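Sequence positions, counted from 1, serve as the residue numbers for this chain. Note that the structure is a prediction, hence the values are computed from the model and not measured.
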Amino acid sequence: LVTSSLFAQKTGPKYDFANEVKIKGTIDEIKMVPGDFEGVHVMLKTSSETILVHLAPEGFLKMLDFIANKGDSMEVTGCKITGEFGPEILAREVVSGNNSLTLRDKKGIPAWAGMKFTSGD
C-alpha cells in the first residue's frame with residue numbers, strides 16, 4: 001500500500017477518458033494542497049454528493065487569473081478516480097461564472113506539464 005501511494009505521488013494520477021463525467025455544483029470549500037502533484041482542490045457540492053475536485057497548481061491558476069470562491073457554482077468535466085478518501089475528480093474543463101478553463105488536453109495531459117511554479121508569491 002505504501003509503495004503504490006508513493007508511486008502515485010511521483011507520477012500523479014492518470015487521466016482516464018473511460019471514466020469521464022460532467023458534474024455541476026457549488027463550491028463548498030477550497031483547499032490548497034502542498035506537494036509536486038497537488039495544488040488547488042475544491043469540495044464541490046452537487047445535488048447528490050460532495051466530491052473533491054483536483055483543479056491545478058496554484059501558480060498555474062494565478063497565471064490565468066482564475067479565481068474560485070466558496071459559494072460559486074461550478075461545472076466540471078473530468079475523470080472520476082478513487083482517491084485516498086473515496087471518489088475524486090481530475091478536472092479537464094471547468095466553468096465557473098464567466099471563467100472557462102481547459103486544464104488538460106485531448107490526451108488528458110495537464111496544461112501545466114513541464115512548467116515550474118514556486119510556492120507562495
Side-chain angles (χ1 to χ4, degrees):
L1 185 67
V2 172
T3 316
S4 66
S5 69
L6 284 174
F7 181 72
Q9 286 171 9
K10 284 195 166 61
T11 60
K14 182 157 173 40
Y15 195 94
D16 182 355
F17 282 90
N19 294 331
E20 194 167 81
V21 294
K22 188 177 248 190
I23 62 169
K24 208 180 229 182
T26 305
I27 298 172
D28 198 41
E29 186 183 344
I30 297 170
K31 299 178 171 197
M32 302 298 173
V33 182
D36 290 343
F37 294 99
E38 297 303 332
V40 180
H41 295 56
V42 296
M43 294 301 294
L44 196 65
K45 189 177 178 113
T46 70
S47 56
S48 59
E49 64 183 337
T50 299
I51 191 162
L52 180 73
V53 178
H54 297 246
L55 293 180
E58 185 179 9
F60 181 76
L61 296 175
K62 277 186 177 166
M63 185 177 84
L64 297 174
D65 289 329
F66 183 82
I67 298 164
N69 296 298
K70 183 176 175 166
D72 287 356
S73 66
M74 182 178 271
E75 185 176 296
V76 177
T77 301
C79 156
K80 207 165 201 176
I81 60 167
T82 302
E84 200 178 338
F85 302 107
E88 298 178 3
I89 303 277
L90 294 180
R92 183 169 66 82
E93 291 181 359
V94 177
V95 178
S96 182
N98 295 325
N99 289 314
S100 176
L101 202 53
T102 299
L103 299 172
R104 292 171 185 269
D105 69 13
K106 301 270 184 239
K107 293 180 179 156
I109 300 188
W112 59 90
M115 295 181 184
K116 290 275 182 234
F117 300 102
T118 54
S119 15
D121 333 83

Nearest-0.5 Å distance, CD1 of residue Ile51 to CD1 of residue Ile23: 5.5 Å
Can you check whether Leu90 reaches Glu88 side chain to side chain, under 4.5 Å on heavy atoms? no
Could you walk me through whether Val40 and Phe66 pass the side chain to side chain contact (heavy atoms under 4.5 Å, CB included) test, one step at a time? CA-CA 11 Å; Val40 180; Phe66 183 82; over 6 Å; no
Closest non-hydrogen atom pair, Phe60 against Ala111: CZ-CB, 3.6 Å
Which pair of heavy atoms, one from Asp28 and one from Lys70, lies closest together, and at what distance? O-CE, 3.1 Å
In sequence, state the C-alpha distance, the side-chain angles, and the governing distance for Val53 and Ile27, and then conclude on side chain to side chain contact (heavy atoms under 4.5 Å, CB included). CA-CA 10 Å; Val53 178; Ile27 298 172; over 6 Å; no
Please tell me if the side chains of Ile109 and Tyr15 come closer than 4.5 Å, counting only heavy atoms from C-beta onward. no
So CD of Glu93 and CD of Glu75: to nearest 0.5 Å the spacing works out to 9.5 Å
For the atom pair CG (Leu103) and CG (Leu55), what is the distance rounded to the nearest 0.5 Å? 6.5 Å
Val76 and Val21: same hydrophobic cluster, using ILVMFWY side-chain contacts below 4.5 Å? yes
Please examine the side chains of Met32 and Ile30, heavy atoms only from C-beta on, and report whether any two atoms are closer than 4.5 Å. yes
What do the steps show when you test Met43 against Leu52 for side chain to side chain contact (heavy atoms under 4.5 Å, CB included), and what is the final call? CA-CA 5 Å; Met43 294 301 294; Leu52 180 73; 3.5 Å; yes
Measuring only between side-chain heavy atoms, which start at C-beta, is Asn99 closer than 4.5 Å to Leu64? no
One should read off an interatomic distance between Thr26 OG1 and Leu44 CG, to the nearest 0.5 angstrom, of 7.0 Å
To the nearest 0.5 Å, tell me how far Arg104 CZ sits from His54 NE2. 9.0 Å
Sub-3.5 Å donor-acceptor pair from the side chain of Ser96 to the main-chain atoms of Ser73, do we have one? yes
Is there a side-chain contact between Ile89 and Lys80 (heavy atoms, below 4.5 Å)? yes
Where Phe17 and Lys106 come nearest, the two heavy atoms and their spacing: CZ-O, 3.1 Å
Which heavy atom in Ala91 sits nearest to a heavy atom in Val94, and how many Å separate them? CB-CG2, 3.8 Å
